[in-house]
Amino acid sequence: MTTKAAPQTKTGGFRMSTDKQETLLKLSILSLAAILSFATRLFSVLRFESVIHEFDPYFNFRTTKFLAEEGFYKFHNWFDDRAWYPLGRIIGGTIYPGLMVTSAALYHLMWMINITIDIRNVCVFLAPFFSSLTTIVTYLLTKELKDSAAGLVAAAMIAIVPGYISRSVAGSYDNEGIAIFCMLLTYYMWIKAVKTGKIFWSALAALAYFYMVSSWGGYVFLINLIPMHVFTLMVTGRFGARVYVAYCTLYCLGTILAMQISFVGFQPVQSSEHMLALGVFGLCQLHCFVDYLRGHLSASDFQVLFKATIVATGTILAVVTGILTITGKVSPWTGRFYSLLDPSYAKNHIPIIASVSEHQPTSWSSFYFDLQLLVFLFPAGLYFCFRQLTDANIFLILYGVTSIYFAGVMVRLMLVLAPVMCILGGIAMSGMLNRYMKDVDASPVILGMPAGNLAQGKQGDKRSKHKQESNFVMKSEVCVYSHQVAIRDIIFQFQIATLFVAIMCFFLISYTMHCTWVTSEAYSSPSIVLSARSHDNSRIIFDDFREAYYWLRMNTPEDARVMSWWDYGYQITAMANRTILVDNNTWNNTHISRVGQAMASSEDKAYTIMRELDVNYVLVIFGGLTGYSSDDINKFLWMVRIGGSTDRGAHIKEWDYYTPQGEFRVDKEGSPTLLNCLMYKMCYYRFGQVYTEGGRPPGYDRVRGAEIGNKDFELDVLEEAYTSEHWLVRIYKVKDLPNRGL
Amino acid sequence: MSHTRLLFLSFVIVVAGSARADLVNKNVETVVDISSQLAKISNKVTVENVGKTTLKSLIFGVPAHLKERTSFVTAKVGEHLLRVTETKLSGQDGGFWKVDLRSDLAAGRTLQLNIDLVLSRALVPHPGQITQKEKQLVLFEGNVYFFSPYLTEKQSLTVNLGTNSVESYARIQPVSQSDNKLNYGPYEKVQPFQEERLNIHYENNSPFLTITRLERLIEVSHWGNIAVEETVDIEHQGATLKGSFSRYEYQRESQSGISSVKSFRTALPASAVDVYYRDDIGNISTSHMRVLSDSVELELRPRFPLFGGWKTHYTLGYNVPSYEYLFNQGDVFVLKMRLMDHVFDDMYIEHLITKIILPEGCHSIELSAPYAVERLKDTLHHTYLDTKGRPVISVSKRQLVENHIDDFELRYKFAKVLMIQEPLLVITAFFALFVLVIIYVRLDFSISEEEEHSRVDREHKDK
């Protein structure tokens, strides 16, 4: 808009043409947004250090390190004996390697030009780097869907949207960090392909899709969305050669490429999640065939043939699908998929899925927390899309509607929703501002006075008359009266527009503030290092996790087996470099259940299990001294549930761990089963003598807010090997069997 | 027994040459300090030339069981250091050193010199395993007498224990214990090579930390900075922890785990800045830095307290300005820095590797070390903006103690004009990039006019 207002009096020295000015403006806004999206993710690095966050990223970091050091071939054939003892895990065939390959490639590239950066730093800064790229792709995509103005707004919005930042801060080295970029890139290529109908673009889309498949399991969403788009285009009669070329190329190439990822394997042709894509591919052929026949047959013949074909195809399809499902060629509906369609499915059937907090349904407040203004712009954006329906817009609408459903089902799919929210928000914001900025822009020109004077009222009106005649497009025979009315209208419009723009500015500013605040407060703590404020407002750092992990690394035998709840598995293998029994890749439910049983059993029963599993050390997280609430006692009921969910754990019943009133208590009132189980003893060993808070009896648990019920006990089969400074991590050594004859 | 010994002795004396019989240790005052993990022996020796010829050197030694444990020896006359070289005496399996006197010792003259030795690992924890509650007891096995190829007329020995709780000590009369000292002697007419075990079993809770490997990396930049990085492997080699570790007792009782090490102090050069302290899994947040007038003192706390047998590993790095250590005249540069630096008081280093990375383009490199070191193969190091790599000089040495902290000198040639190579490289790279962009933007690379494309687009929009 500003460029349009620029006068045509150009060509003096460095004065640029409007075209160039526009390019420059776009370029600078876009690069600012890209830089901002990188910078805003650095809070945790500045506050703490360049460190990997959370749990899963530690596994990714470890595998990346392996890949960078050992090369792809060894990585592909990697059998990891450090995890899932004694089963081990074939890493190469059970992960999406895209993330690791990306970082290792970047790492090698930089070393090639003698930039001797540490692999850890590559991993830490990969997610911010890719979110910069996402910003640019969002611009391109929105530009294809609407125009470059909307693209710029969308890019600026996605740069700081918390829903996306939550998964891509520096150090949060997870698949999602690059997957969102891949997803948007695929969409961009797809839209290009649909618009142009060129094989070139759809082949690129297939490549982008391949990258997406290699990096995140969420590619399933993508391979269902695109067929859905094609299907909708068919239904609305927009299907044509362009879409046919685009989809067939993408599907054929994409499926073949996707099957190259060993973790995906034959799923694209076998599993039910990919059937929509296959079905739509078939429909495309039919549609084209039908179109061809229609051109060569009479109407009545065609009708008969059409009906017959539909019935025949339907029957054959049903029979084939039935046979395949019965023979097990088509994989059954997996739990994760059911839980997408039915939010309560997982909770009722698979405790291990339900126990993960990010698999919980999203609450309303978290929508606002993660998206703020965008929640309200979303419908407006949809409105703008509907108003001017094109092939591309239909895609956007489908994307928006489906992803908002999925985000409602699972917290972690908020990530998929955030980009489309930004795109729609960008379209809405840009559309509205476009409408009103014209008035704000035009009025001062019409009235010929600076914007500031306008507020003073109407005495300016008469002065401006002569200017209008020269500038404003208006019939010269307009009378004075209507002239004044028109001017009043214009002024009114202008005031409304100013007000509107001001409100929008306010919203945008508050959006920025909100995003920055959320990023800084909620999403920038590494969770491996905890910090708290002491009485005098100075910062205390709890570095207990690393303290204990490093102790394990330095002072236990190289081949020691550590038993802990699966949450800490990845961290232990990565930081302590020791063998663990279960980890965050929860592929073997019975094994996890066995560990749960050990934790929930009494000491002697647990000892049998621990001998059976060949455990040397046991690690528990205990927050009772510091008040760290996500510790093992608070997760304990999940251990009980998962432990009791298999045959061998049938003796473990959740109700034994509750009081008769149905409460979960650790004090004297608590159930005796709980007070004598291994987990309880390991957490509270010698805690009964510790004074934690003034005015409270010794052994006061600050998380549960209760004095523990079982204080004076000794451990028979375990001995305390190490306890971290703030008692957050406690490590026990499993004693050997006593010598015979003693 | 004594007969054969005498025979043997006379044989040795004959073999070793006549010079030895010409000297007599008139008086030796020995002080043995075993209050830390090291045994520091200082001898104040008065020698007399009783022969007829002028002497230029003399010899002293340690008995065979201490030979491998001797880390450091010096000999001084007043404040002047004398040259000491390791030597062998045939027929003797002890360790011997030859001291070159500054001035010749004429017949009949006496000379007073100080001979200091530092023994590492001479204190053995006994018992080798203790629980967290127990105190650490160690056993020292030294030699009562000054071990010398010459006759010693009079010797006295003081042992500084640093504690008054002694389990047992060698009763070689006359001996007396006072407070935290043991006084032996004086003994008269001590024969050459006479050995008598000085066994002392006593309490010693000082940190028994051994640096099993220290890798010191010095990276010189001609732009005014020298980066130093030390990678340290530490092990507590005192009595190992038996049974469980109790955090409760460790926090409650000050006597619990008294021989464990919670933290130690490292002194860095006064000009050290940008200090970092980390390990394989990130920054270690428990350290304090104090800037003193002559040094920067760091209180380093490992992630966990070190009990007997526990290990840790960390990296400590800092920058110092180069003007303090790098001198030049024309194209000839001299780097004068410490081959190793202080890690903690009374430290003992098993294996030191020092690597010096010089700027790209240095040549004619000569190293002069303060003591004998093993020079490893020179390598090349590639890092930011390097083309052919930076020369790396590495040296290695085993068994070092604090007394080994000394400067090396590294002399090399470097053409100063090479300093602008790197900025030029960057400028060229960017220039090339911009030129490429300009060419790409200005020229049309398409083979055909894209009319069809725009037509399709228009159709599409109309639809």
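This is a predicted model, so every value here is computed, not measured.
- Between B/F304 and A/Y550, the two ring planes are tilted [angle within 30° to 60°].
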Practice task
Let me see the working for A/E720 and B/Y248 under side-chain contact (heavy atoms from CB on, under 4.5 Å), right down to the final yes or no.
Solution key: CA-CA 11 Å; A/E720 186 179 354; B/Y248 173 73; over 6 Å; no

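- Remark: B/D280 CG to A/R546 CZ distance equals 11.5 Å, nearest 0.5 Å.
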Practice task
Take B/H382 and A/T116 through the side-chain contact (heavy atoms from CB on, under 4.5 Å) test and state the conclusion after the steps.
Solution key: CA-CA 8 Å; B/H382 295 270; A/T116 49; 5.7 Å; no

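- Most heavy-atom pairs under 4.5 Å with chain A, from the set B/T312, B/L385, B/D279, B/D386: that is B/D279.
- Using a cut-off of 4.0 Å between Lys/Arg side-chain N and Asp/Glu carboxylate O, A/E49 and B/R278 are scored as not salt-bridged.
- Salt bridge absent: B/K262 and A/E725 never bring a charged side-chain N and a carboxylate O closer than 4.0 Å.
- Between the CH2 atom of A/W551 and the CZ atom of B/F245 there is a distance of 9.0 Å, given to the nearest 0.5 Å.
- Pairing each heavy atom of B/N283 with each of A/D543, the nearest pair is O-OD2, 3.9 Å.
- Dense packing is recorded around NZ of A/K735, with more than 12 heavy atoms of other residues, nucleotides or ligands lying under 6.0 Å away.
- Atom CD1 of A/I52 and atom CD1 of B/I281 lie 12.0 Å apart (nearest 0.5 Å).
- For a residue to count as touching a neighbouring chain, one of its non-hydrogen atoms must lie under 4.5 Å from one of that chain's; by this rule B/E235 does not touch chain A.
- The choice from A/K733, A/R120, A/R553, A/R730 that makes the most heavy-atom pairs within less than 4.5 Å of chain B is A/R553.
- Within 6.0 Å of the NZ atom in A/K681, the count of heavy atoms belonging to other residues, nucleotides or ligands exceeds 12.
- In this structure, A/R47 places its CZ atom where more than 12 heavy-atom neighbours from other residues, nucleotides or ligands lie under 6.0 Å away.
- Within a 6.0 Å radius of CG in A/D712, other residues, nucleotides and ligands contribute 12 heavy atoms or fewer.
- For the pairing with B/Y384, the side-chain contact (heavy atoms from CB on, under 4.5 Å) check across A/I113, A/I115, A/N114 returns one residue only, A/I115.
- Annotation: A/R539, atom CZ; neighbour count of heavy atoms from other residues, nucleotides and ligands within 6.0 Å is above 12.
- Proximity to chain A (any heavy atom under 4.5 Å) is shown, for B/L241, by neither the backbone nor the side chain.
- Crowding of A/I199 atom CD1: a count of heavy atoms from other residues, nucleotides or ligands under 6.0 Å not exceeding 12.
- By the neighbour-count criterion of 12 heavy atoms within 6.0 Å, atom NZ of B/K388 is densely surrounded, having more than that number from other residues, nucleotides or ligands.
- To the nearest 0.5 angstrom, B/S244 atom OG is 11.0 Å from A/L718 atom CG.
- Atom NE2 of B/H236 and atom CG of A/N555 lie 11.5 Å apart (nearest 0.5 Å).
- With a 4.5 angstrom heavy-atom cutoff, A/S50 does not touch chain B via any of its atoms.
- Using a 4.5 Å cut-off between heavy atoms, A/Q388 does not touch chain B at all.
- Atom OH of A/Y691 has 12 or fewer heavy atoms from other residues, nucleotides or ligands within 6.0 Å.
- In the model, A/Y722 has a side-chain atom that pairs as donor or acceptor with a side-chain atom of B/R247 under 3.5 Å.
- Taking both residues in full, the closest heavy atoms of A/E547 and B/R303 are given as CG-O, 3.0 Å, listed atom of the first, atom of the second, then distance.
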